[in-house]
Every structure is written in structure tokens, then in C-alpha cells.
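Encoded as C-alpha cells, the structure appears first; notes follow it.
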Number of protein chains: 2
Amino acid sequence: MDPEERRRLVAEAVFRVVCRHGLEQTSLRNVAAEAGLAIGSVRHYFAGHTELMVFAMREMSARLIARLTAHADRLLDPSAPLTPDEQRETVVRMLAEMLPLDEERRTEVVVWLSFAAAARTRPELRAHADELYDGLLVLTTRILEGARRAGRLRPDSDIAVEARRLCALLDGLSLESAFHPGRLDADTMLAVLRAHLAALTPAAAS
Amino acid sequence: MDPEERRRLVAEAVFRVVCRHGLEQTSLRNVAAEAGLAIGSVRHYFAGHTELMVFAMREMSARLIARLTAHADRLLDPSAPLTPDEQRETVVRMLAEMLPLDEERRTEVVVWLSFAAAARTRPELRAHADELYDGLLVLTTRILEGARRAGRLRPDSDIAVEARRLCALLDGLSLESAFHPGRLDADTMLAVLRAHLAALTPAAAS
DNA sequence: TCCTTTATAGCACGGTCATGCTATTTTTAT
DNA sequence: ATAAAAATAGCATGACCGTGCTATAAAGGA
């Protein structure tokens with residue numbers, strides 16, 4: 001089997017263990033058991049526990065970024081301009097990609113937040129945590145700049161502040177859904193997101 | 001020495017260890033060393049590791065709730081009505097109490113998020129995590145209801161949605177400040193909070 | 001003073017962990 | 001067929017952990 005494929009299978013076992021039992025239970029033994037492998041087999045693909053964690057975090061980061069950029073490319077593609085309604089819907093869908101609206105995405109958010117929390121005290125993870133945070137800030141900034149060019153943003157808005165605000169809202173929804181399961185359903189999250197976006201547009205365009 | 005006093009001193013050692021090295025390093029041994037005690041002494045006041053964690057989480061929860069209610073009482077006290085400007089400033093200050101604007105509050109947020117994350121997989125902590133979340137939702141709801149009564153809220157606002165949105169914003173700012181230290185300074189956080197509150201009020205009142 | 005209670009301290013056991021190292025099996029290339 | 005390489009499996013060590021249990025010191029009341 002392709003080594004990279006094997007590494008990804010192990011990483012997915014990491015995700016399952018993290019989601020079910022937490023990062024502190026994600027030992028080489030538990031991951032190996034989850035993947036149906038012996039501990040020695042896992043260590044054949046990863047030099048040690050740290051390397052496995054870094055790889056898993058990179059894998060999750062890549063997965064999230066890929067989904068975001070797919071939407072961003074469609075939205076910002078100048079060769080296939082979208083109608084205003086399509087723009088608005090595409091923006092909602094793209095930002096909704098970051099929300100744990102279904103079980104699969106909820107797992108991803110839980111795993112990602114676990115890694116981001118661990119990165120606070122583990123230097124080898126720090127860069128990857130900040131990378132996604134910076135990417136999200138850049139992405140929201142671009143969306144807001146596009147909205148301003150299209151006249152769909154209140155003229156007195158400070159884009160830098162609004163980008164922070166939108167990021168914080170998305171992160172907050174993710175955090176609450178991840179840490180307080182069952183208290184924030186998908187419909188409510190979407191309603192909050194739509195309310196926020198509606199509040200950003202000028203009253204005349206609503 | 002008063003036993004309760006001793007327990008609180010140990011809890012503060014827990015906070016320091018959690019903030020500096022993370023919850024997974026918060027063992028009885030490390031906490032005892034941080035508190036300048038022998039491990040047996042700590043165990044004289046706490047039956048075991050779980051009881052220590054629950055106590056520390058309760059202690060932090062109580063501290064946060066106390067600060068919030070102090071501001072809430074002042075704001076909602078009908079015997080000493082505030083001018084609109086005072087109301088607005090009091091609301092900002094109260095909500096800012098939840099933000100990690102200085103080192104002390106940043107430590108509290110880091111510790112609290114660590115516990116909230118751990119509560120996801122540890123049933124004995126779950127109730128305390130949800131308690132503070134529910135309290136924050138109730139508090140923001142009351143604030144928005146008060147603003148609506150005073151005519152300081154856009155009339156088309158859905159208070160339930162707006163309360164969720166405000167909570168998510170506060171949680172998001174806390175999360176980013178805790179997990180990405182140095183990327184979100186106090187001034188920016190306050191600017192985001194003020195922008196959000198300003199966007200909630202009718203255009204005529206701005 | 002003596003005795004009981006409380007506080008402080010620490011040992012020892014069993015468990016989990018990461019990891020260095022080796023053995024066995026399977027695959028691949030020649 | 002055979003040698004080399006890759007993959008799988010597992011043992012042994014040392015470290016850290018929670019906890020049951022005991023020992024020593026301090027404090028307080030008779």
C-alpha cells in the first residue's frame with residue numbers, strides 16, 4: 001500500500017480517537033488499536049508521537065483549507081461572474097463550511113479545536129494553528145472587500161474590524177457547538193450567520 | 001489555617017499550572033510542587049485528582065460569575081437608573097469583563113477554555129461547563145431585552161438570535177486571544193465589541 | 001501532661017506511556 | 001529462486017501518574 005495512503009489512514013484513526021476520547025487519550029497505543037494495527041506498525045510510518053500529531057494536524061488543516069479555497073475560487077473567479085443573489089448564497093455556503101453543521105464537520109471542528117488548544121503549550125504545533133487562523137482572517141477580509149466593491153457593505157464599515165468580528169463569530173459558533181454539544185443546532189447557527197451578514201449590508205439593499 | 005482557604009490556594013496553583021503548561025500536565029504532583037506542598041498534603045484536602053479538578057473548575061466558574069453579576073446588578077438596578085450614556089458604557093464594561101483584556105483575565109479565559117474543552121469528554125465537568133454557557137446566554141438576553149425596552153435596539157432584531165450572536169462573538173474573541181496569543185490585542189477586541197454593539201442600535205441613535 | 005484530632009509528608013503498587021531495539025512476515029526486484 | 005527492502009509485530013526500559021496506605025509533626029482540649 002502507498003505509504004502516504006497508510007499515513008492518512010492512521011491520521012483518520014487519530015481524528016476518531018480525538019473526537020471520541022480527547023487529545024490526552026490519543027496515545028500511540030490507542031491510535032494503533034483504533035486503526036487496527038500494532039503499535040510497531042504505526043511507528044514504522046511515524047517516528048514518534050510528536051510526528052504523528054503534527055502530521056494529523058497538518059492533514060486536518062489541509063482538509064479545511066481545501067474546502068474553503070474551493071468555495072473562495074468559485075466566488076472570486078472573474079471569468080464566471082455571479083449574480084448578486086448567487087454571490088450572497090455562495091458567501092453563506094462558504095462561511096457555513098466552517099461551521100459544524102453536520103456530524104462530519106462537527107468532528108472536524110472538535111478535532112481542530114483540540115489541536116489548536118494543544119498548540120498553546122506545544123511549540124511544534126503552534127505554527128499550524130496560527131496558519132489557519134491567519135488564512136481565515138485573510139479570507140474574510142477578501143470577502144468583505146469584494147462586498148464593498150459591489151456596494152453590498154455599509155459604507156461606514158471598517159473592514160479590518162469587520163473581518164475580526166466575522167472571524168470571531170465563526171470561531172465562537174464553532175466553539176460552542178464543539179464544547180456544548182446539543183445546545184446549538186444547525187438551524188440556529190445558520191440563522192445567526194445570516195443575521196450577521198444581513199446586518200453588514202446597507203439597509204437599502206436588504 | 002482555614003481548610004477552605006487552603007483549598008483555594010491549591011486551586012490557584014492549579015490555575016497557574018494549567019495556564020503555563022496545559023491541563024494535561026496538571027497532575028497532583030505538579031500542582032503540589034507549584035503550591036509548595038507535598039503531594040500528600042494536597043491529598044489531605046482533596047480526595048483525588050478528579051475532586052481537585054472539579055473544585056478548581058467550580059472556583060473559576062464562581063469567580064467569573066461573580067464579576068458578571070456585579071456588573072449586571074449595577075446595570076439592572078431599578079433604584080439607581082442610569083442615563084443612556086451610562087447604560088451604554090456599563091454594558092461595554094460588563095461584556096468586556098468576559099474578554100481577556102489584561103493578563104489576569106487572559107489567564108482566566110485560558111483556564112476556563114481548558115476546562116470547557118476537557119468537559120467535552122469528562123462527564124463530571126460537563127455540568128459546570130454548561131452552567132456558565134447558559135448563564136452567559138441568559139445575561140446577554142436580558143441585556144438585549146433591556147436595550148429593546150429603551151428603544152436602543154433595531155426594531156427588526158430577533159432577540160434570541162442576537163443573544164446567540166453576541167455570545168458567539170464574545171466566545172470567539174476569547175478563543176482567539178487564548179489560542180493565538182499576541183495576534184489579538186486589547187484595543188482590537190474592544191473595537192470589535194464596540195462595533196458590534198453600535199451595529200445593534202438603530203441608525204437614528206448612533 | 002496526655003490524648004485526640006488535624007496537618008504534612010512520603011512510600012509502594014499497578015497502570016499507561018513513548019521509545020529504543022529486535023524479530024518475523026510480506027513484498028519487490030533481480 | 002533469491003536477495004534486498006519494506007511492513008508488521010512486539011519486547012524491555014524508564015518515566016510519570018493516581019491512589020491506598022503509613023509515618024511523622026503540629027495543634028488543641030481534657
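Computed from a predicted structure; not experimentally measured. Each chain gets a letter, A, B and so on, in the order the sequences are listed, and its residues count up from 1. Reckoned from all heavy atoms, side chains included, excluding hydrogens, waters and symmetry mates.
Contact annotation: A:N30 does not reach the phosphate of C:dT16 (side-chain N/O to OP1 or OP2, under 4.0 Å). Distances shown here put every side-chain N or O of B:S41 at or beyond 4.0 Å from the OP1 or OP2 atom of C:dA7. For the pair A:Y45 and D:dA6, the criterion of a side-chain N or O lying under 4.0 Å from OP1 or OP2 is not met. Residue A:S27 has no polar side-chain atom (N or O) positioned under 4.0 Å from OP1 or OP2 of C:dT16. Phosphate proximity of D:dA6 to A:R6: absent, as no side-chain N or O sits under 4.0 Å from OP1 or OP2.
To the nearest angstrom, C1' of D:dC16 lies 10 Å from CD of B:Q25. When the P atom of C:dG20 is taken as reference, atom NE2 of A:H49 falls 14 Å away, rounded to whole Å. Rounded to an integer number of Å, the gap from B:F46 CZ to C:dT8 C1' is 15 Å. Going from atom CZ of B:R43 over to atom C1' of C:dC11 covers 12 Å, rounded to whole Å. Counting to the nearest Å, the P atom of D:dG10 and the CG atom of A:L37 are 11 Å from each other. In this structure, A:L28 places its CG atom 11 Å from P of C:dG20, rounding to the nearest Å. The CD1 atom of B:I39 sits 12 Å away from the C1' atom of D:dG20 (whole-angstrom rounding). Look at CZ on A:R7: it is 15 Å from P on D:dA6, rounded to the nearest Å.
A heavy-atom distance below 4.5 Å is found between the side chains of A:E59 and A:R8. Under the 4.5 Å side-chain criterion, counting only non-hydrogen atoms from C-beta, A:M189 is in contact with A:P100. Between A:L137 and B:R183, the closest side-chain pair of non-hydrogen atoms is not below 4.5 Å.
Using a 4.0 Å heavy-atom criterion, one finds that A:H44 contacts the bases of the nucleic acid, with or without backbone contacts as well.
Checked for salt-bridge contact, B:E89 and B:R194 meet the test: a charged N lies under 4.0 Å from a carboxylate O. Salt-bridge formation is detected for the pair A:R7/A:E4: a Lys NZ or Arg NE/NH1/NH2 atom is positioned less than 4.0 Å from an Asp or Glu carboxylate oxygen.
A donor N or O paired with an acceptor N or O is not found under 3.5 Å between the base of C:dG10 and the side-chain atoms of B:R29.
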